[in-house]
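In what follows, a single structure is set out as structure tokens and then discussed.
Just so it is clear, the model here is predicted, and its values are computed rather than measured. What you see below is based on every heavy atom in this structure, not just the backbone, and it leaves out hydrogens, waters and symmetry mates.
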Amino acid sequence: MDSFISTVITQAPIKFWWILAGLILLLVVASSIGQYLARKNNTEVIRNLNDRIRAWWIMVAVLVGCFVIGKVATLVLYALLSFFALREFITLTPTRKGDHWALCICFYIAIPLQYWLIGADWYGLFVMCLPVYGFLLLPAVTALSGDTDAFISRVAKIQWGLMLTVYCLSYAPALMLLPIPGYEGQNLLLLMYLLLVVQLSDIFQYIVGKLFGKTRVAPNVSPSKTVEGLMGGGFLAIAAGTALWWITPFTLLQAAFLSFIIVACGFLGGLSLSAIKRSIGTKDWGYLISGHGGVLDRLDSVVFAAPVFFHLTRFAFVP
């Protein structure tokens, strides 16, 4: 056990441990502030804030465990996240008996296949398997059931759910595929960078919006999202992403630009999935994470940001 721990400590990039120390310090400060506010005035907003902080301790512990153990654990984690996110999506967008085999393909073939392709470093098939072959296979399998009632809408729900929760999300761990010259053995830091900027953007937009938000961006879609929260929180997240340039292969200006892209895509992802929730009359995708709703409530920004971040990084840094 001691030799395993020493090996892990030796192999993990030193930058990882600096980031981990910063995250722990940030969570300790946030927890202290949250407990102080709860003693002063334990309102619903304060209770929600403390629930979010406690959930963050758990999420950071799980993510750190995966980073430390390595590539396989990270892929297994994201495969499970895709499974739970797809289950939440399908649960809230009801299907019919005729969709049974298509759903079986999504859950028990598409998810393991997609993450196996990443583990096997098979980039060519990873990027085209689900959007081409999955896109063609699912309606064909559904048609074989003989149930034509609302066929287009049913197939579209399943296809879009698969693309969002499996294909788009898988681009986050796929960052480990990128053979960036001079950055060998550090690709997990790129994944951590993406997650930090996305989640900091969500947190900063939430806090700034609560403190200063007045002008709603899209009141019929997401009443809690404000122009002030987007601008102020987005600026803080871009600043944080720029300051973290040293854990990436990017220059300072490149980190600023990519942080802006991540923040913008994350906001659009949250807004788009909020529109789905409003259309089906629900507030959260689920209740798995206390203070955060469901898995998809935490990943709505990631599923839009990850593919764009992956391809921009690959285009600019992979020869």
Inspect the contact between D149 and R96 and indicate whether a charged nitrogen and a carboxylate oxygen are less than 4.0 angstrom apart.
yes
Mind checking whether F83 and Y108 have parallel, tilted or perpendicular rings, split at 30° and 60°?
tilted
Between [atom1] of [X] and [atom2] of [Y], what distance do you get to the nearest 0.5 Å?
| X | Y | atom1 | atom2 | value |
| --- | --- | --- | --- | --- |
| Q186 | L178 | CD | CG | 13.5 Å |
| M163 | L86 | CE | CG | 12.5 Å |
| L130 | L125 | CG | CG | 9.0 Å |
| T142 | Q159 | OG1 | CD | 8.0 Å |
| L190 | I180 | CG | CD1 | 5.0 Å |
| D99 | C104 | CG | SG | 11.0 Å |

Under a 4.5 Å side-chain heavy-atom rule over Ile, Leu, Val, Met, Phe, Trp and Tyr, are L144 and L138 clustered together?
no
Same cluster (ILVMFWY, side-chain, under 4.5 Å), L299 and I90
yes
Do the numbers put R314 on top of the ring of Y123, so that NZ or CZ is under 6.0 Å from the six-membered ring centre and no more than 45° off the axis?
yes
Under the side-chain contact (heavy atoms from CB on, under 4.5 Å) rule, what do Y193 and L175 come out as? Steps first, then yes or no, please.
CA-CA 11 Å; Y193 179 80; L175 289 165; over 6 Å; no
Report yes or no: does T148 contribute a side-chain atom to a donor-acceptor pair with the main-chain N or O of F151 at less than 3.5 Å?
no
Short question: side chain of E228, backbone of T215 - any donor-acceptor pair under 3.5 Å?
yes
With heavy-atom distances below 4.5 Å as the criterion, would you say the side chains of [X] and [Y] are in contact?
| X | Y | value |
| --- | --- | --- |
| F84 | F89 | no |
| T251 | W245 | no |
| Y167 | L162 | no |
| E184 | P179 | no |

Please identify which of these residues, Y183, F250, F310, F309, meets the ring pair (Phe, Tyr, Trp, His ring centres under 6.0 Å) condition with F317.
F250
Taking atom types as modelled, is there a side-chain donor on S82 or Y115 under 3.5 Å from an acceptor on the other?
yes
